[in-house]
Amino acid sequence: MGNGRAGIAAWAAVLVFSADAFAGVPGLVTRVVKNVSVVRPGGATHSAAPNESIGSGANVRTGPDARAELTFADSAVTRLGGKTVLRLGDELILDEGAVLFDAPRRASSATIRTGTINVEGAGATGIIERFGRVYAKVMVLQGTARVFLPEKVGESILLKAGQILIMKPDAKGLAEPVDYNIAHLYKTSLLVHHEFARLPGEPQILAEIAKQQSDPNLIPTNLVIHGRGTLVTLENSANVQSKPKAAASPTPTPRPSPRR
Amino acid sequence: MPRRFIRSSFFAAIFLAGVVSTGRGQGISRSVDRAQLLRNQQPTLREESGTNSETEGVAPASPNDPDLGEQAILKRTDQYQPWSIVVSAPVSYTSNVALVPVGEKSDTLFTPLFAVSYAPRITRSLYANFSVSQQMFYYDRFTALNFGSFDAHAGVSYSVPQWHDLIFRAGYSYNRLTNTDFNEFFSSHSLVGGAELPFRIGRAQQISVGVDTSINLDSEPAPPGRNEYSAFFGYTAQVARNLTFNAVVRLAVRDYTDLDRTDVSEILAVSATYYFRPWLSLNVAATYAHNDSNRDVFDYDVGNGGGAVSVNFRF
């Protein structure tokens, strides 16, 4: 993270002297794990390097078992999971894959769009996933994110910590959010911990975990979604409550899920 | 909401009337009109109870599953809060204090309200409702018209999800009008009933149509006692996170049981409510009413406007 901070300072200095160089939402690459490439406007592609600045119009693509982290001038952090395509422009656009966002309250780069859905995550930490035209998923670990359809008046939800929203990427109406176990996701998500520094929003996440665990109105179920997708499986209670962190192997064996 | 979803909203359209002292029966009749018009109920906007939208297709198991982590679903139990206490301080203007056909006088009105209700859930679709309220009407210039209204109600409401969430209501109502020293000058006992059909438009809008009736069982004195039959059309929209807009058109027929008098009223009410907190709101409203009676002295037009700060505790 020391290198990251130095990189941010240098990048900020560049901004001061070349304010026109970055229109939209430029980002600084602060972590690269395996195969991460940058596609510049015009189509030129190269492997991402730490401390590389990425301007508006560029795409960041991760390979099947790769991950990356971008940090923005407003201190917002975005982490890309494997097989993810994220476009930088006036806003961040998730075309495919999964991203984790952690943004301070006044971050200008905290709006992420996927399909017809916009997520304003300033002051929140959350994960957004998209799988083609099949589904989009939004989860909040701390803070409150506003999820809305810009083309539909009134279609807006405040997604709070511990809530998950699943709908089609071209949704014409927002679905109802459901509660999920923040502590369990926090322990098992590699975007939160593995090969990454601590998130700026970690104290708030831990506070939300404590708050959720003391809420008498939330009852555990044995229903779990393992990672990506929307397939819900029935688990033993012990597995749900004390599941260890997922294996660090880059290519874990896919788990067959029993039919309900 | 808890999402965001939409709160049900009740607020009185501020409706002012006065009393013309051409006779005690007519005076009491107009007092009844004044009190009743201020209890103009808006169609309810039910809380969200929908299920998640269907998800079609699933992502195949992927080496990147651990990126996301495991989402263990939790169930949130409903904590229904049957009790409600409302304290409201409305201030309003009326264009026709006396509800007269000519020579209208205007005035400003302060009508504080205190209400308690208990609505236990009997089954998933059946609720009982018990409420009492006391509202005072203080005029700025025509202080001789000041009065108080006490209301008590006991009833049930039943919703039928299979019929587009049709809501039926039935109950008993007691109304007592007093002067500011709480000396009674009118009371009535009525059976009330109604039905309402809501149509949701997306997440933030609703149209409601419905009918209401009030059958007079007994009133003291008898002449102001009446049966009322009305139909309404309402529109509610949550235009922003804490801002709700509402409009209602109501057509009411009032048949006086002891008099040869029948009134037909058309009422239009529009209002906006801003919620500073779930329990603290500011409401501004404007209403217009046109009353036609088979006895011309009771014809009137009246326009009203004003605002109210309300505190609503639920537990």
Side-chain angles (χ1 to χ4, degrees), chain A residues 64-65 67 81-83 98 127 129 131 134-135 139 152-160 163-164 166-168 171 173-181 184-192 217-221 223-232 240 243 246-247 250-252 254-255, chain B residues 1-7 45-81 199-207 235-246 272 275 277-278 315:
Chain A
D65 55 359
R67 293 175 197 91
K83 293 172 70 175
I127 296 175
E129 184 202 350
F131 179 67
V134 179
Y135 70 85
M139 298 176 278
K152 296 278 259 182
V153 173
E155 285 296 317
S156 174
I157 285 179
L158 290 181
L159 203 64
K160 297 176 187 170
Q163 290 189 317
I164 179 172
I166 301 175
M167 74 212 100
K168 294 182 82 65
L174 294 175
E176 285 298 316
V178 177
D179 293 282
Y180 76 95
N181 189 325
H184 195 67
L185 183 80
Y186 184 69
K187 280 189 296 189
T188 56
S189 172
L190 299 188
L191 286 178
V192 174
N217 295 321
L218 286 174
I219 300 172
T221 68
L223 304 174
V224 178
I225 300 174
H226 289 286
R228 300 199 180 196
T230 57
L231 189 63
V232 180
V240 173
K243 193 99 177 178
T251 55
R255 285 179 291 270
Chain B
M1 288 152 221
R3 33 315 259 155
R4 200 48 83 81
F5 36 43
I6 302 170
R7 291 184 281 259
L45 192 60
R46 295 176 72 243
E47 290 190 355
E48 282 291 332
S49 59
T51 57
N52 285 343
S53 61
E54 286 188 15
T55 54
E56 298 176 16
V58 293
S62 159
N64 298 111
D65 281 343
D67 289 345
L68 230 60
E70 298 187 349
Q71 303 115 69
I73 304 301
L74 302 174
K75 179 182 175 183
R76 182 172 288 278
T77 57
D78 269 339
Q79 202 172 31
Y80 179 63
Q81 297 171 315
F199 298 92
R200 297 299 300 269
I201 306 170
R203 170 172 290 276
Q205 302 174 83
Q206 176 174 298
I207 288 175
Y235 170 75
T236 302
Q238 183 156 358
V239 296
R241 194 179 308 173
N242 296 326
L243 181 62
T244 303
F245 169 80
N246 182 275
Y275 292 87
R277 293 284 187 276
F315 55 94

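Numbered from 1 within each chain, the chains take letters A, B, ... in sequence-line order.
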Pairwise distance OG1(T77(B)) to CG(N217(A)) - rounded to 0.5 angstrom: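 The OG1 atom of T77(B) sits 4.0 Å away from the CG atom of N217(A).
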
Rounded to the nearest 0.5 Å, how far apart are CG of L218(A) and CD1 of I73(B)?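 One gets 11.5 Å once the value is rounded to the nearest 0.5 Å.
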
Checking side chain to side chain contact (heavy atoms under 4.5 Å, CB included) between E70(B) and each of V224(A), I225(A), L185(A), which is the one that passes?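 The single option meeting the side chain to side chain contact (heavy atoms under 4.5 Å, CB included) with E70(B) is V224(A).
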
Can a donor-acceptor pair be found, under 3.5 Å and without considering hydrogens, that links the side chain of D179(A) to the backbone of L74(B)?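 Checking the backbone N and O of L74(B) against the side chain of D179(A), no donor-acceptor pair under 3.5 Å is found.
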
I'd like to know if the side chain of Q71(B) and the backbone of G227(A) have a donor-acceptor N/O pair within less than 3.5 Å.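 Looks like yes, one N/O pair under 3.5 Å.
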
Does any heavy atom of chain B fall under 4.5 Å from the side chain of I164(A), the backbone, both, or neither of them?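 The answer is the side chain of I164(A).
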
Using non-hydrogen atoms and a 4.5 Å limit, figure out which bit of I127(A) sits close to chain B: side chain, backbone, both or neither.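 Only the side chain of I127(A) comes within 4.5 Å of chain B.
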
Looking at every heavy atom in both A72(B) and H184(A), which two are closest together, and how far apart are they?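 It is CB-CD2, 4.1 Å.
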
Looking only at non-hydrogen atoms, find the nearest pair between A98(A) and L68(B) and report the distance.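 Heavy atoms of A98(A) and L68(B) come nearest at CB-CD1, 3.4 Å.
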
